[in-house]
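This report concerns only the one structure given below.
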Amino acid sequence: MNEINTRRMKFSQIQALLAVADCENFSEAALQLELSQSAVSHAIASLETELGVQLFHRGRHGAQLTPVGERVLLHGRQIACALEMMVKEADLEKGLQGGQVRIVTFRSVATHILPGIIAKFRSCFPKIAVTITEVYYTQAVEEALRSGKADIGFVSLPISNEFETREILRDKYVVLLPPNGQCKSAKITWEELANYPLILQPAENPCSIPLRKYLTTSGFPLNIGYELSEDSTIVSMVMQGLGTAILPRLAAEPIPASVKVCSLPADFERVIGVAVLRDALLVPAVFAFLDVVTSAAEVDSEGEFAINPS
């Protein structure tokens, strides 16, 4: 007896088995499957040859399952059911009842913006997982999106036109003065600022380039005392009286009570947005998250970022 080779069996043969069994007729089964009658007959004959048993009695009154055909049919229905479940699992991954959204962002957004947005998103879509990767610069966010390691990125705008972006807020830069610092009003002057050693991020840091360009408009020789990469370290240095710093407000938070905060002589801000790779094949969960981002974010009257709970 020849051994049955299941690799030669095709799902189209199982479909033909189910259709003929349900219709009890080859021609009606062919209409249901949108195939020719000969194609259905060939599928059943091939399946019978491979299994080495007769599945149907054929006659003028149609096709009737043999006893072994009845038993084989049960397994055929299980196979069809399993395939249907496979399709459902894939649809869940692509839909809003499962899957995940992968986010890449820099620290200040991860700390002050994302928790509220994710909480709102999870309340609407509890079965969708959200993962977060923190990086230092917008350029690293772009690279993660290009490489497919993330679906959504939070960035400082503008960025390359290979991405689609949505602006979500404008984050003003503030001046952080040490506890013994003096400022005559809520807005420091360039002359006053020139009296302090500045604590800035390194010149090669992409986030530092726009600020340094802005500072060249001061008309005063500003003294750069320290260059540090970590926002929290910069704030700590200010708190210890080692200089003054200029940071986006979100990056500076939480600001110690002893540190004095004032405005720059002329407003300067960074525009924070959310980005996806243009023309990327995104699952519905990603679009749902983008909608929550744009509907949830708002800025209050004092310029503080908040989450709209509605």
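Everything numeric in this text was worked out from a predicted model, so none of it was measured.
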Under 3.5 Å, is there a donor on one side chain and an acceptor on the other for Ser160 and Glu162?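 Looking only at side-chain atoms, Glu162 and Ser160 do form a donor-acceptor pair, the distance falling under 3.5 Å.
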
N/O donor-acceptor pair under 3.5 Å between [X] side chain and [Y] backbone:
X	Y	answer
Arg77	Leu18	no
Thr217	Lys213	no
Ser46	Ala43	no
Thr244	Leu176	yes
Gln201	Ser229	yes
Arg107	Ala251	yes
Thr165	Gly273	no
Asp151	Arg102	yes

Tell me, do [X] and [Y] make a side-chain contact under 4.5 Å, heavy atoms counted?
X	Y	result
Val276	Phe163	no
Thr138	Pro206	no
Arg166	Asp291	yes
Glu48	Thr66	no
Phe154	Leu114	yes
Val101	Phe287	no

Parallel, tilted or perpendicular: which fits the ring planes of Phe268 and Tyr214, with parallel below 30° and perpendicular above 60°?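 Parallel.
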
Group every Ile, Leu, Val, Met, Phe, Trp and Tyr by side-chain heavy-atom contacts under 4.5 Å, then state whether Ile199 and Ile224 land in the same group.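 Looking at the clustering, Ile224 is in a separate group from Ile199.
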
Taking it one step at a time, do Val20 and Phe26 satisfy side-chain contact (heavy atoms from CB on, under 4.5 Å)? CA-CA 6 Å; Val20 175; Phe26 278 75; 3.9 Å; yes

Just wondering, are more than 12 heavy atoms of other shown residues or ligands nearer than 6.0 Å to [atom1] in [X]?
X	atom1	value
Gln182	CD	no
His57	NE2	yes
Leu281	CG	no
Asn161	CG	no
Glu70	CD	yes
Tyr137	OH	yes

Non-hydrogen atoms of [X] and [Y] that approach each other most closely:
X	Y	answer
Ile117	Val292	O-CG1, 4.0 Å
Phe121	Ala288	CE1-C, 3.9 Å
Val259	Leu177	CG1-O, 3.4 Å
Ala110	Pro115	O-CD, 3.1 Å
Leu35	Val40	CB-CG2, 4.2 Å
Val141	Gly153	CG1-CA, 3.6 Å

Atom CD1 of Ile168 and atom OG1 of Thr294: how far apart are they, to the nearest 0.5 Å?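 Here the interatomic distance stands at 9.5 Å.
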
Please determine which of Arg270, His112, Arg249 meets the side chain to side chain donor-acceptor pair (under 3.5 Å) test together with Asp171.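 The passing option is Arg270.
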
Which is it for Val283 and Val286 under the side-chain contact (heavy atoms from CB on, under 4.5 Å) test, yes or no, and what are the steps along the way? CA-CA 6 Å; Val283 297; Val286 172; 3.8 Å; yes

For Leu51 and Met9: C-alpha separation, side-chain torsions, deciding distance, then whether side-chain contact (heavy atoms from CB on, under 4.5 Å) applies. CA-CA 9 Å; Leu51 293 175; Met9 297 172 64; 4.1 Å; yes

Ile159 and Glu142: side-chain contact (heavy atoms from CB on, under 4.5 Å), yes or no, with the steps? CA-CA 8 Å; Ile159 60 172; Glu142 293 182 31; 3.5 Å; yes

Are Glu192 and Lys260 ion-paired here, with the side-chain N under 4.0 Å from a carboxylate O?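 No, Glu192 and Lys260 are not salt-bridged.
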
